[in-house]
Amino acid sequence: MATRKIIVRRHLILILFYIVTTVRSESNVAVNKTTEQSSDQGNVKYAASHVVDDCLSTDLSNGCCTHTERGHTTAWWRVDLGELMTIIRIKIYYRDNFQHRLAGYQLYVSNTTNTPTDGDLCFVDTSSTKNAVQLVVTHQCPYVGRYVTVYNYRNNPKPYSWYSDWAILELCEVQVFGCPTGRYGDGNCQKLCPVDCYGGNCNSKTGACFYCFAGKFGIYCNSDCPANCKDSLCTKDAGTCLDCVPQTYGVQCEYACSTNCLNSLCEKVNGYCYECIAGQYGFTCDQNCHVNCKDILCERSTGNCIGKQYLSTLIWWSTSGAVILSF
Ligand SMILES: *[C@@H]1O[C@H](CO)[C@@H](O)[C@H](O)[C@H]1NC(C)=O
């Protein structure tokens, strides 16, 4: 009995360890940062800073949420992350049971405090029913920026009768997962993005580059594009050439165009010649024109002689001419 208990406990510890390390693979860069909101309900209990206090309770009475004033047609809350951050996703916790107030909100990432005119819009709530408004929700928000703003407004008439009359925000927590630009990983953003990432920035969780320098590809941009890619350009993920240097074709431009192609030039996708050298026909110009064709020239697609008709007419005319002349 005693050993069984120990084993169970060890498993529990391992599971807990796993959960803790998984959670730590991303950093919430909003905690305790500077916040601002459009108005205060007048109680320090509802101050803007409660949205980044790491308290996830969504019960307003617990003192972990904000509450902007009634009577306004717009309301906003903003956090200044202090420096440029590479953001992955943003998680919002809103006051329990108050969907009618959160409905219609917008989420922005920006470099200035001029939202909503400035910045990248990550999300707009367009829920048509009250129950469709998610109060605890994660939004993918893969942008680089310094400020995160939650914004809401009310127009008259309201889009739905169940909307609140005034724009009011009662955010309980906004978690911004990301890292300062140029860094990533392990819940503390201590790793530097790979040197090969173009612009020096990378995914704040995985360290994958967003873009590579010309000539490179791969998650960390440390593979060389195939040698025959034109201008050394290839796709970031698969290393497929965008275009080939002359006289080559294939996904990686690894094949030589047929020497039966005029100037050995062919299409990248299938190696079909643009034009054939004299005496050849077919897509890859691998067929010989008939020796009876004049100058052994034939049509590219059918192999029909070029000028055969003209030639026989000429012979006929000269023959009859000869007959006439002999009279
Ligand atoms: C903020 O500035 C950085 C660096 O110039 C830029 O990469 C980023 O796209 C900007 N973000 C927004 C939301 O405009």
Side-chain angles (χ1 to χ4, degrees), residues 25-38 48-49 51-52 66 68 74-94 102 104-126 134 137-153 167 169 171 173-222 233 235-237:
S25 68
E26 283 177 273
S27 316
N28 174 4
V29 291
V31 178
N32 294 329
K33 294 286 165 66
T34 309
T35 53
E36 236 189 314
Q37 63 188 13
S38 52
S49 59
V51 183
V52 292
T66 57
T68 62
T74 61
W76 52 263
W77 172 91
R78 181 185 305 123
V79 59
D80 177 358
L81 302 171
E83 61 185 305
L84 281 182
M85 297 285 181
T86 307
I87 297 168
I88 292 189
R89 57 193 180 88
I90 295 176
K91 186 167 185 182
I92 289 175
Y93 297 74
Y94 199 80
L102 181 60
Y105 74 101
Q106 303 175 346
L107 178 64
Y108 290 91
V109 169
S110 63
N111 286 343
T112 69
T113 55
N114 297 331
T115 43
T117 44
D118 234 15
D120 287 322
L121 180 64
C122 295
F123 180 79
V124 187
D125 176 70
T126 54
Q134 290 179 280
V137 60
T138 296
H139 299 298
Q140 301 306 316
C141 203
Y143 296 111
V144 171
R146 175 170 167 174
Y147 302 93
V148 170
T149 304
V150 180
Y151 173 83
N152 212 347
Y153 65 96
L169 280 176
L171 293 161
E173 195 74 10
V174 170
Q175 298 174 320
V176 180
F177 295 99
C179 283
T181 50
R183 295 181 171 271
Y184 77 101
D186 281 355
N188 54 20
C189 300
Q190 299 249 299
K191 294 184 189 165
L192 291 176
C193 291
V195 285
D196 291 324
C197 292
Y198 182 82
N201 203 16
C202 63
N203 180 299
S204 58
K205 183 180 178 185
T206 64
C209 304
F210 293 119
Y211 308 101
C212 298
F213 287 99
K216 296 284 186 174
F217 79 100
I219 296 171
Y220 306 110
C221 299
N222 50 7
L233 295 179
T235 60
K236 183 186 176 298
D237 295 337

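Remember, it's 1-based here, ligands and their atoms both numbered in the order they're listed. All residue numbers in this chain count up from 1 along the given sequence.
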Lys33 and Asp80: salt bridge (Lys or Arg N to Asp or Glu O under 4.0 Å), yes or no, with the steps?
CA-CA 6 Å; Lys33 294 286 165 66; Asp80 177 358; over 6 Å; no
Check whether any side-chain N or O of Trp77 sits under 3.5 Å from a backbone N or O of Thr149 as a donor-acceptor pair, and report yes or no.
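No.
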For the pair Ser204 (side chain) and Ile87 (backbone), establish whether a donor and an acceptor sit closer than 3.5 Å, ignoring hydrogens and angles.
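Side chain of Ser204 to backbone of Ile87: no pair is present.
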Please work out which of the three classes, parallel, tilted or perpendicular, describes the rings of Tyr108 and Tyr151, given edges at 30° and 60°.
perpendicular
Review item, side-chain donor-acceptor pairs of residues 206-218, under 3.5 Å, at least two apart:
residue	atom	partner	partner atom	Å
Thr206	OG1	Asn203	OD1	3.4
Thr206	OG1	Ala208	N	3.2
Lys216	NZ	Asp224	OD1	3.0

With a 4.0 angstrom cut-off on heavy atoms, strictly below it, pick out the residues next to ligand 1 and order them by chain and number.
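Lining ligand 1: Leu84, Val109, Ser110, Asn111, Asp120, Val144.
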Report the distance from atom OG1 of Thr138 to atom NZ of Lys91, rounding to the nearest 0.5 Å.
4.5 Å
